[in-house]
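To start, the structure under review is shown below, and the notes come after it.
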Protein chains: 2
Amino acid sequence: MYSQAEENYLKTIYTLEKDFGNEVSTNLIAGKIKTKASSVTDMLKKLANKELVVYKKYQGVYLTELGRLSALKVIRKHRLWECFLVQKLQFNWDEVHDIAEQLEHVKSEALINKLDAFLKFPKLDPHGDPIPDAHGRTILNKSVSISDMKIGAAGVFVGVRDSSSTFLKYLNKKNLALGDKIKVIDIEPFDSSYHIETKTHRLVITSNVAENLYLKNVK
Amino acid sequence: MYSQAEENYLKTIYTLEKDFGNEVSTNLIAGKIKTKASSVTDMLKKLANKELVVYKKYQGVYLTELGRLSALKVIRKHRLWECFLVQKLQFNWDEVHDIAEQLEHVKSEALINKLDAFLKFPKLDPHGDPIPDAHGRTILNKSVSISDMKIGAAGVFVGVRDSSSTFLKYLNKKNLALGDKIKVIDIEPFDSSYHIETKTHRLVITSNVAENLYLKNVK
DNA sequence: ATATTATTTTAGGTTTGTCTAAATTTTAAG
DNA sequence: CTTAAAATTTAGACAAACCTAAAATAATAT
Ligand SMILES: [Mn+2]
Ligand SMILES: [Mn+2]
Ligand SMILES: [Mn+2]
Ligand SMILES: [Mn+2]
């Protein structure tokens, strides 16, 4: 269907649309995909020709419905493979992203649907991100970033914004894992660092880290 | 490490060396890989530069030790993935080859070794072909082609020469599966077709088919 | 031994996806 | 409103892997 490069652009545009609003800029894509702006421009024209994005010169792009569904298919594959790697092959959650980046490009509808069944149709990947079903639909699990919480508030750690290996290894070291109950003990006014508490320990995290931790059932 | 194209050439040269002797010709490779002889020549030079093959103009190639080990790694991955697809995802043996052709190029030592463990270190793939271990070693299971058997001889069906989907679907239709006991009832002198018998039925196969069926414990 | 045929290699292109450097357009500042 | 800076696009190249057509070499047949 689409080439690996095309699939990577679709996926990237999709997540950038979610993170920053629609109308994703050339430079933003170049940054995420670690390529040069001129290469991005080339690819955007190609994607526009295939009706996967709407592209107006100097104006950035946004996905068409076809583009959105195609992006969701790649994301579905990525996240299902991550589940497989963690649940079946005993990988740690910080080791699976790069492998899934390769596996997500394997072309076979039958494969991914059988994998889905084998994993018992998981709804979330090892990083707490929702897995689209075969039609591109996901459950919506609304969560709140710690950086938006007030002193005294608590919730269950259910997701990360940044699922890079570096960040996940940091969380491992600090003994923070999905499912942990986390409470905000104090917020330092000077640098907005957060003092948080889990069942087992207390620690201080920078506002940068706080932004990257999502909790649900916050109260 | 090596590109997909390079890996495919290595694998192809390896199997051609096995099937016909060493010194594999340009045209033979072109035929297997469905590409043109001129493209093969280009690639052989590239592989020779990387010391994966020994190449002398107009003389064909053969794998170096490095080339042989690299080829075995790709074959190991291919066959382990085929096992996974059949044993865990319930694919039929005639559906897995093309998917494994893609999966075999995923780069991660950890992945393939964990997959090996998950599958309990299988020694044979779904087509009866031996799976190299992490060091490139395989069990040797000597078997005999039906086309080399005499009337009255019998054995256990353990492998196929051609594992194309077309041939495997033919075997499905004829109700022949790995593990079946097969006996040669008669050989037609006119066209060398074979009358064979399993526990459940009798059938006639052409000499072409007979060449593609391997039995062990023949007596 | 020579001529014919088959095989292999070379020469020159194409496509995909990338790059650098230069030109253009947009945005931000004064 | 005009200019400087930042973002984006164009122009021209490049590497990988493929192609066709032509040239070179090897194998075969007379
Ligand atoms: Mn990931
Ligand atoms: Mn993930
Ligand atoms: Mn196969
Ligand atoms: Mn096989």
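Letters A, B, ... are given to chains in the order of the sequence lines, protein chains preceding strands, and every chain is numbered from 1. FYI, side chains are in, hydrogens and waters are out, and symmetry mates aren't considered; it's all heavy atoms of this structure.
A/Glu23 pairs by the salt bridge (Lys or Arg N to Asp or Glu O under 4.0 Å) definition with nothing, not counting sequence neighbours. Under the side chain to side chain donor-acceptor pair (under 3.5 Å) criterion, A/Glu95 pairs with no residue at all, not counting sequence neighbours. Every residue two or more places apart in sequence or in another chain that forms a side chain to side chain donor-acceptor pair (under 3.5 Å) with B/Lys169 is listed here: B/Asp94. By the salt bridge (Lys or Arg N to Asp or Glu O under 4.0 Å) test, B/Asp148 is found to be paired with no residue, residues two or more places apart in sequence or in another chain being considered. Under the side chain to side chain contact (heavy atoms under 4.5 Å, CB included) criterion, B/Leu72 pairs with B/Tyr14, B/Arg68, B/Pro132, sequence neighbours left out.
Listed by first then second residue, pairs satisfying side-chain hydrogen bond (donor to acceptor under 3.5 Å, both in side chains) with a partner in residues 111-126 of chain A read A/Arg76-A/Asn113, A/Arg76-A/Asp116, not counting sequence neighbours. Applying the side-chain hydrogen bond (donor to acceptor under 3.5 Å, both in side chains) definition to pairs two or more places apart or across chains, none involves residues 25-47 of chain B.
Chain A approaches DNA chain D within less than 4.0 angstrom (heavy atoms of the protein), and the contacting nucleotides run 5' to 3' from D/dA7 to D/dT10.
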Item to check | Per-nucleotide protein contact string for nucleotides 2-17 of chain C (B base, S sugar-phosphate only, - none; heavy atom under 4.0 Å) | outcome: -----SBBB-----SS
